[in-house]
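One structure is given below, encoded as structure tokens.
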Amino acid sequence: MKNSVATKPYADQKPGTSGLRKKVPVFQQENYAENFIQSIFDSLEGFAGKTLVIGGDGRYFNREVIQIAIRMAAANGFGKVMVGQGGILSTPAASNIIRKYKAFGGIILSASHNPGGPNEDFGIKYNASNGGPASERITDAIYERSKAIDSYKIAEADEVNLDDIGETELAGMTVEVIDPVADYAELMEQLFDFAAIRGMFGLGFRMVFDAMSAVTGPYATEILENRLGAPKGTVRNGKPLPDFGGHHPDPNLVHAKELYDLMMSGDDAPDFGAASDGDGDRNLIIGKGIFVTPSDSLALLAANITLAPGYAGGITGIARSMPTSAAADRVAEKLGIGMYETPTGWKFFGNLLDADKVTICGEESAGTGSNHVREKDGLWAVLLWLNILAGRGESVEDIVRKHWATYGRNYYSRHDYEGVETDRANGLMGSLRERLATLPGTRVGDLVVAEADDFAYHDPVDESVSKNQGIRILFEGGSRVVFRLSGTGTSGATLRVYIERYEPDPDRHDIETQTALADLIAAAETLADIKSRTGFDAPTVIT
Ligand code: G1P
Ligand code: ZN
């Protein structure tokens, strides 16, 4: 038992966020990580003698915190820790390990797509026995505990050798260092038609996977190159680096620009390009000459999923986060299955998956996943795409265009304003909130506001209600603009503006996206005074 100094983790982070994310120097303060980990353990019950899974995305400070977490797990009475070799476990792989080995839970060290390094971001999150992010009940308890914590338990022991697979003993607890890839690769083999995908690569299909020097490198190399026979070099930036090579490990069109440019380079471009983020739960999908928005990707995957053996029996329902486009809704309608609109954040999908109300879910922010784990899963989405491409024998572009022709196209874009002063961002949202009731009927250019509200979610499984999840402004004709503040940024506030227009007419499916959305973008500015309220002339990122 050690007394801890007054570094109260979480003190300035709002409760309800599913983990703690701060700059590395903050985590390096004396007892800081220890206090947070003890707050997690103090908020859990009944884990004596049980198994805890530990792993992270390999970013700077990963190994140090893993050593601390192992010794604290021993002192707190866990019976066993399973830890990824080298301290590595992607978020979806950790979710799978927790489920497969019926662990009590897991600690995942990651700040997802945020940069890594001595002055960049670090994070700790807790996942429960279903493999998914801790429920709000648990995160609230951790938050409360972290405000009062004044001591923690840690075993006096030598460092664990994280590099050799096998079992050792630490202060009466078993530590098993496991291959981080094997169980995950086996799960993928069960879900997808590896023979068909191998056949496609055998016929000269060319793909590039950019692991962004983050955690998916070893997973992608083993699965794509070793098991599916893609040529060596298919996986780029495949070695996880503590600072991700100095890049943002965020698979969007800004940070994966090289991949995007390659895919748009004309006839010589590869057939398929994909990327994942820091901890392996996000995906970017680009066909030769065509970027597939995550919202469209969710709809396309749902519409074609029965080509994959693991889903041959069909799906029970689809869930998407509220700001994600309604493209998937049309697929659900056609299939006659349930469609659920949840607040942003993966944890809301967990209940729906556990209750088997949905099989597949996704977010506009490049997260897609299914009931195979309880996290979004980047490589899973890539493999499902490959399975569909092999099954249909058509190009990405043909598949996307046929989909639009059948269901209509949801033009979609997200405009981010990063690093806005917190007061100004709150002011913008507050002003919109105050005017919500007066907006219906307002004319902005050629558009007329039909409805405006602040999204509230009623969980159909546990009946919980989550309010203030984003302001939706729906226009006559079905187009919409959504405003919300990011819950994951670590400096200032990030305003996200989501813009969507539905276009049924196939003759109008070739308009450049920002052009197709121009009147809605202008309406967003008029309604929210974005420029003057944020002090920004333009978004910092457009996706
Ligand atoms: C962002 C994404 C959201 C995702 C989350 C965690 O959250 O928008 O969809 O679930 O990261 O990866 P935000 O910063 O918008 O709160
Ligand atoms: Zn992530």
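For ligands, and for the atoms within them, numbers begin at 1 and follow the listed sequence. Residue indices begin at 1 and follow the sequence shown.
Residues S325 and D296 bring no donor and acceptor atom of their side chains to less than 3.5 Å of each other. In this model, no donor atom of one side chain and acceptor atom of the other lie less than 3.5 Å apart for S95 and N127. Judged purely by distance below 3.5 Å, without hydrogens or angles, the side chains of T359 and S370 never pair a donor atom with an acceptor atom. With hydrogens and angles left out, the side-chain atoms of H372 and D377 include a donor and acceptor closer than 3.5 Å.
The side-chain tip of R330 points at the ring of Y502 from less than 6.0 angstrom away and within 45° of straight on.
Taking OG of S431 as the reference point, atom CG of N426 lies at 12.0 Å (rounded to 0.5 Å). Atoms CZ and CG, from R484 and L495 in turn, are 10.0 Å apart once rounded to the nearest 0.5 Å. To the nearest 0.5 Å, the span separating NZ on K467 from NE2 on H458 amounts to 8.0 Å.
In this structure, H248 and M212 approach most closely via the heavy-atom pair O-CE, 3.5 Å.
Within 4.0 Å of ligand 1, protein heavy atoms belong to R282, T344, G345, E363, E364, S365, K376, R414, R484, S486, G487, T488, R496, listed by chain and number.
If you look at the Zn ion (ligand 2), the protein N, O or S atoms less than 2.8 Å from it are S112 OG, D277 OD2, D279 OD1, D281 OD1.
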